[in-house]
Each structure stands twice: as C-alpha cells, then as structure tokens.
**Student:** 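Following this message is one structure expressed as structure tokens.
Scope of the values below: all heavy atoms of this structure, side chains included, with no hydrogens, waters or symmetry mates.
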Amino acid sequence: MAYTLINTRPASRVASDTSPTALAAAQRVLVDSHNRRVSYLRLSVTDRCDLRCTYCMPERMTFLPRKDVLSFEELDELVTAFASFGVDKLRITGGEPLVRKDIMELMARFSRHLGNGLNELTMTTNGTLLSKYAGDLSAIGVRRINVSLDTLKRDLFEKIARRDMLDDVLRGIDAAIAVGIKVKINAVALHNTNEQEIPDLIRFAHERGADITLIETMPMGEAETDRVEDFLSLNTVRKELEQQFTLTDLDFKTGGPARYVKVAETGGRLGFITPLTHNFCESCNRVRLTCTGRLYTCLGREDGADLREALRSDPSGIKLREAILGAIERKPKGHDFDAARLATPASPRNMSTTGG
Ligand code: SAM
Ligand code: SF4
C-alpha cells in the first residue's frame with residue numbers, strides 16, 4: 001500500500017521496514033492520495049433522535065439495535081487513535097448527541113485530549129436538551145457549538161421537525177450563550193417552507209452574536225418529502241438577500257465547507273454551504289465515523305472502513321491504525337451530489353446515520 005508519509009519519525013526507521021504495520025506505527029498525520037491533510041473527525045455517538053426532521057428521516061425511522069452501537073470505551077479508543085494521527089478537531093454529532101445516555105460522561109472522556117492532541121471539541125445539536133447540558137459542556141471545555149434551527153415559527157417547526165419543541169430549542173440557545181459558548185445556527189434552506197423567513201433567522205442569530213449558516217438539502221437516505229420540491233439553491237437565496245442586505249465576501253474559514261459573507265446591516269456573519277451548486281471537496285479535511293464504528297471518508301460515498309471489526313479483533317491497536325490509514329489512502333476525490341438527480345438518494349444513508 002502506498003501510504004503518504006509526512007512528518008513521520010526519522011526516515012531511516014521508515015526506510016528500514018516498509019511493511020504496512022511499520023508504516024502504520026510510524027505515521028503521525030493523515031494525508032490522502034489527493035494531498036489533503038485530514039485533521040477533523042465528526043463522530044456520531046448515536047443514530048437516535050427526539051425530532052424527526054422531514055428532510056433527514058422518516059417518521060417511522062428504524063434505529064440501530066443497541067448492541068451494534070459502540071461502548072464509551074470503544075468510542076474513546078477510536079478518538080484516541082485519531083488524535084494520535086494529528087486529528088485536532090472533534091465534532092460530536094448524531095442523530096441527536098444529547099439523547100445518548102450519560103452523554104456528559106463520554107464528553108468528559110473526550111475532553112481530556114484537549115490541549116493534548118485536540119485543539120477543539122465541539123458538537124452539532126438540535127438544541128432540545130441544550131438548556132440541561134450547556135453548563136456541563138462549557139465546564140469541560142466546549143467553546144463553540146452548532147445548533148440547528150430552520151424556523152422561528154412554532155407551527156412550522158412542528159411541521160418540519162414533526163415535534164412541538166421550538167421553545168426547548170430557543171431555551172437551549174439562550175442557555176448556551178449565557179454560559180459563554182459561541183453558538184452558530186445551522187438552517188437548511190427549504191423551498192416554499194422557510195424560504196421567506198431566512199432574513200428573520202439571520203436577524204435572530206446576529207442579534208444574539210451568533211453566526212448563521214444556510215445549508216442546501218442533500219440527497220441522503222430515504223425521506224418522506226420530495227427533495228426536488230424542497231431544494232432551494234443558495235445562489236437564489238443570496239440574490240434575494242441582496243435585495244435587503246449588503247453582503248461582502250469574507251476570507252473567514254472555520255475549517256468547514258461554508259463560504260462566509262458579512263451582513264452590513266446586522267454586523268454578523270452568514271455562511272453558505274452549497275454541496276449541490278458548488279462542490280467543496282478540493283479542500284476537504286474531514287472524515288466521519290458512525291456510532292457503529294464505520295468510517296466514511298466522504299459524506300456522499302460509501303468508501304471507508306469497518307473500524308469496529310479492526311478494534312475488536314486486535315487489542316494491540318495495530319489493525320485499527322492500518323484500517324484508518326488504508327481508508328484515508330482511498331478517500332475519494334469528491335462527492336457525487338447532483339441537483340439534477342435529487343429525487344434519488346446519492347447515498348443510501350440518512351444524514352442522522354453518518355452524522356451531519
Ligand atoms: N441532530 C443534530 C442536529 O440536527 O443538529 C445533529 C445531527 S443532524 C444530521 C446535523 C445537520 O444535518 C443538521 O443541521 C441538519 O439540519 C442537517 N441535515 C440533516 N439531513 C440533511 C439533508 N438531507 N440535507 C442537508 N442537511 C441535512
Ligand atoms: Fe434529528 Fe438532527 Fe435529523 Fe433533525 S436533522 S431528525 S434533529 S438528527
């Protein structure tokens with residue numbers, strides 16, 4: 001296998017034994033065959049959720065049997081392996097991460113890598129349980145958090161999320177801000193649904209000192225909605241917004257695929273994530289790991305590795321390191337999302353399985 005080696009131990013050691021095992025032991029950072037450094041892991045700790053957003057999953061979603069889900073010890077071992085490969089940013093996601101039992105115990109385990117491998121531990125949440133956990137998250141070193149919020153209207157929230165929980169989310173956002181966590185709002189832009197409300201969402205976020213990012217719907221997994229009907233191009237949204245806001249492109253990057261603008265009227269930042277109208281793969285620095293230990297090296301493709309098998313079959317950890325290196329080596333150049341083919345999922349996995 002032709003692993004890309006940079007920043008490794010002395011070359012002489014590598015040169016003397018070039019077996020995959022020796023290379024796996026020597027490698028310190030993950031670089032794929034397209035010369036992209038992988039430094040960001042998004043880890044889904046559960047596929048379960050207390051909402052049922054229509055674009056994400058069906059009402060009667062079949063969740064994984066609990067026995068298939070990795071234990072805290074196993075998740076911790078995986079995070080430790082990635083941190084030892086120079087992955088310095090860890091985002092916890094799901095499903096809804098805060099519904100996993102004893103989630104704060106798990107977060108506390110991960111937090112011991114902060115300053116010791118990890119530079120950032122963060123989370124993407126729907127916010128329904130955030131008022132309960134904001135203080136604990138801040139205490140273990142979480143400084144930034146993404147909260148998904150597609151509407152400020154209670155009836156529309158219930159229509160999109162199929163649960164009447166807008167007030168819980170708003171309380172959660174306030175609680176996070178109150179303990180000093182920097183909040184970013186994520187909103188999926190939906191044609192004829194929250195389309196007219198986007199300016200209000202921008203004002204809502206910016207009044208609270210929060211950034212906001214708009215996301216195009218992605219054809220992931222089966223949903224009960226019509227993805228073609230729901231799809232709203234962010235090019236169109238931007239043109240509409242320019243009728244009432246002055247938008248200036250920014251160089252600002254958070255390590256993610258969003259392209260940011262400054263909104264002069266509110267003084268805040270607005271991001272656009274456009275997987276369908278603009279491909280963001282050339283600078284991709286991330287991989288995703290499901291709660292069953294399946295590593296996906298591209299959001300829209302099946303490539304990856306079964307890390308649970310590697311983890312459970314070899315206590316020495318060598319198989320795990322080899323499996324990670326092999327998967328990174330095979331990381332695809334880009335996803336295959338295509339606005340013309342929205343009706344059929346580009347990936348059979350729901351976003352809640354892979355971790356958005
Ligand atoms: N439950 C948490 C939440 O909603 O923030 C974390 C997991 S959720 C899968 C992560 C993000 O993916 C959310 O912002 C959600 O809106 C987004 N998402 C889910 N399905 C999507 C789809 N088909 N297209 C685009 N974004 C999607
Ligand atoms: Fe749950 Fe997040 Fe999917 Fe909504 S987007 S159903 S909150 S996992």
**Student:** What pairs of residues pass the salt bridge (charged side-chain N to carboxylate O under 4.0 Å, His left out) test when at least one of them lies in residues 94-108, not counting sequence neighbours?
**Tutor:**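 Matches after skipping sequence neighbours: Glu105-Arg109.
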**Student:** Walk me through it: do Lys331 and Ser33 pass the test side chain to side chain donor-acceptor pair (under 3.5 Å)?
**Tutor:** CA-CA 7 Å; Lys331 182 171 160 62; Ser33 56; over 6 Å; no
**Student:** So, taking the atom named OG1 in Thr290 and the one named CG in Asp47, what distance separates them when rounded to the nearest 0.5 Å?
**Tutor:**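 One finds 9.0 Å between OG1 of Thr290 and CG of Asp47.
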**Student:** Would you mind listing every salt bridge (charged side-chain N to carboxylate O under 4.0 Å, His left out) that reaches into residues 228-241, with sequence neighbours excluded?
**Tutor:**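 Output for this query lists Arg238-Glu242, Arg238-Asp249.
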**Student:** Is the backbone of His191 close enough, under 3.5 Å, to the side chain of Thr193 for a donor and an acceptor to pair up by distance?
**Tutor:**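 Yes.
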**Student:** Any side-chain to backbone donor/acceptor pair from Ser39 onto Val87? Under 3.5 Å, distance only.
**Tutor:**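 Such a contact is absent between Ser39 side chain and Val87 backbone.
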**Student:** State which residues pass salt bridge (charged side-chain N to carboxylate O under 4.0 Å, His left out) with Arg294; sequence neighbours excluded, sorted by chain then number.
**Tutor:**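 Salt bridge (charged side-chain N to carboxylate O under 4.0 Å, His left out) list for Arg294, sorted by chain: empty.
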**Student:** Centre of Phe85's six-membered ring, under 6.0 Å away, within 45 degrees of the axis: is that where NZ or CZ of Arg28 sits?
**Tutor:**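 No; the conditions do not both hold, so Arg28 does not lie above the ring face of Phe85.
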**Student:** State which residues pass salt bridge (charged side-chain N to carboxylate O under 4.0 Å, His left out) with Arg308; sequence neighbours excluded, sorted by chain then number.
**Tutor:**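 In terms of salt bridge (charged side-chain N to carboxylate O under 4.0 Å, His left out), with neighbours along the sequence ignored, Arg308 is linked to no residue.
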**Student:** If you measure from CG on Leu70 to CD on Glu73, what distance do you get to the nearest 0.5 Å?
**Tutor:**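 The CD atom of Glu73 is 11.0 Å from CG of Leu70, to the nearest 0.5 Å.
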**Student:** With Asp76, which residues qualify under side chain to side chain donor-acceptor pair (under 3.5 Å), at least two apart?
**Tutor:**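 Asp76: side chain to side chain donor-acceptor pair (under 3.5 Å) contacts with Arg112.
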**Student:** The test is salt bridge (charged side-chain N to carboxylate O under 4.0 Å, His left out); show your working for Arg143 and Glu120 and say whether it passes.
**Tutor:** CA-CA 8 Å; Arg143 299 285 167 257; Glu120 183 167 34; over 6 Å; no
**Student:** Quick one: salt bridge (charged side-chain N to carboxylate O under 4.0 Å, His left out) partners of Asp306, sequence neighbours excluded?
**Tutor:**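 Asp306 satisfies salt bridge (charged side-chain N to carboxylate O under 4.0 Å, His left out) with no residue once adjacent residues are dropped.
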**Student:** Give a yes or no on whether Arg312 atom CZ has more than 12 heavy-atom contacts from other residues, nucleotides or ligands under 6.0 Å away.
**Tutor:**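 More than 12 heavy atoms, drawn from other residues, nucleotides or ligands, come within 6.0 Å of this atom.
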**Student:** Taking Ser138 for its side chain and Ala134 for its backbone only, find out whether a donor-acceptor pair lies under 3.5 Å.
**Tutor:**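 No, Ser138 side chain to Ala134 backbone: no donor-acceptor pair under 3.5 Å.
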**Student:** Identify, with sequence neighbours excluded, every residue that meets side chain to side chain donor-acceptor pair (under 3.5 Å) alongside Glu77.
**Tutor:**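 Glu77: no side chain to side chain donor-acceptor pair (under 3.5 Å) contacts found.
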**Student:** Does the side chain of Thr93 pick up a donor-acceptor pair with the side chain of Arg288 at under 3.5 Å?
**Tutor:**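 On atom types as modelled, these side chains do not qualify, holding no pair under 3.5 Å.
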**Student:** Among all residues two or more places apart in sequence or in another chain, which pass the side chain to side chain contact (heavy atoms under 4.5 Å, CB included) test with Asn119?
**Tutor:**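 So Asn119 forms a side chain to side chain contact (heavy atoms under 4.5 Å, CB included) with Asp88.
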**Student:** Listed by chain and number, what are the side chain to side chain donor-acceptor pair (under 3.5 Å) partners of Asp150, not counting sequence neighbours?
**Tutor:**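 Side chain to side chain donor-acceptor pair (under 3.5 Å) check on Asp150 returns Tyr55.
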**Student:** Are Glu158 and Asp155 close enough that some pair of their side-chain heavy atoms sits under 4.5 Å apart?
**Tutor:**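 Side chain of Glu158 against side chain of Asp155, heavy atoms only: no contact under 4.5 Å found.
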**Student:** What distance separates Met61 CE from Cys56 SG, expressed to the nearest 0.5 Å?
**Tutor:**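 Atom-to-atom, Met61:CE and Cys56:SG are 7.0 Å apart.
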**Student:** What distance separates Thr151 OG1 from Leu156 CG, expressed to the nearest 0.5 Å?
**Tutor:**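 Thr151 OG1 to Leu156 CG: 4.0 Å, rounded to 0.5 Å.
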**Student:** Distance-only, no hydrogens or angles: does the Arg286 side chain make a donor-acceptor pair with backbone N or O of Cys298 under 3.5 Å?
**Tutor:**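 Answer holds: no.
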**Student:** Sequence neighbours left out, what passes salt bridge (charged side-chain N to carboxylate O under 4.0 Å, His left out) with Arg171? Give chain and number order.
**Tutor:**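 Arg171 satisfies salt bridge (charged side-chain N to carboxylate O under 4.0 Å, His left out) with Asp168 only.
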**Student:** Do any N or O atoms from the side chain of Arg163 and from the backbone of Ile160 form a donor-acceptor pair under 3.5 angstrom?
**Tutor:**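 It does not hold such a pair.
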**Student:** Restricting to side chain to side chain donor-acceptor pair (under 3.5 Å), what partner residues turn up for Asp50, sequence neighbours left out?
**Tutor:**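 Asp50: side chain to side chain donor-acceptor pair (under 3.5 Å) contacts with Asn126, Thr128.
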**Student:** Arg91 and Thr124: side chain to side chain donor-acceptor pair (under 3.5 Å), yes or no, with the steps?
**Tutor:** CA-CA 7 Å; Arg91 178 176 296 280; Thr124 299; 3.1 Å; yes
**Student:** Sequence neighbours left out, what passes side chain to side chain contact (heavy atoms under 4.5 Å, CB included) with Leu250? Give chain and number order.
**Tutor:**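 Only Phe252, Tyr260, Lys262, Arg269 meet the side chain to side chain contact (heavy atoms under 4.5 Å, CB included) criterion with Leu250.
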**Student:** Between the main-chain N or O of Gly304 and the side-chain N or O of Arg330, is there a donor-acceptor pair closer than 3.5 Å?
**Tutor:**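 Looks like yes, one N/O pair under 3.5 Å.
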**Student:** Would you compute the distance between atom CD1 of Ile173 and atom CZ of Phe204 and round it to the nearest 0.5 angstrom?
**Tutor:**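 That separation rounds to 4.5 Å.
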**Student:** Would you confirm whether Asn194, through its side chain, and Val188, through its main-chain N or O, come within 3.5 Å as a donor-acceptor pair?
**Tutor:**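 Looks like yes, one N/O pair under 3.5 Å.
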**Student:** How long is the gap from CD on Glu195 to OG1 on Thr236, to the nearest 0.5 Å?
**Tutor:**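 The OG1 atom of Thr236 is 8.0 Å from CD of Glu195, to the nearest 0.5 Å.
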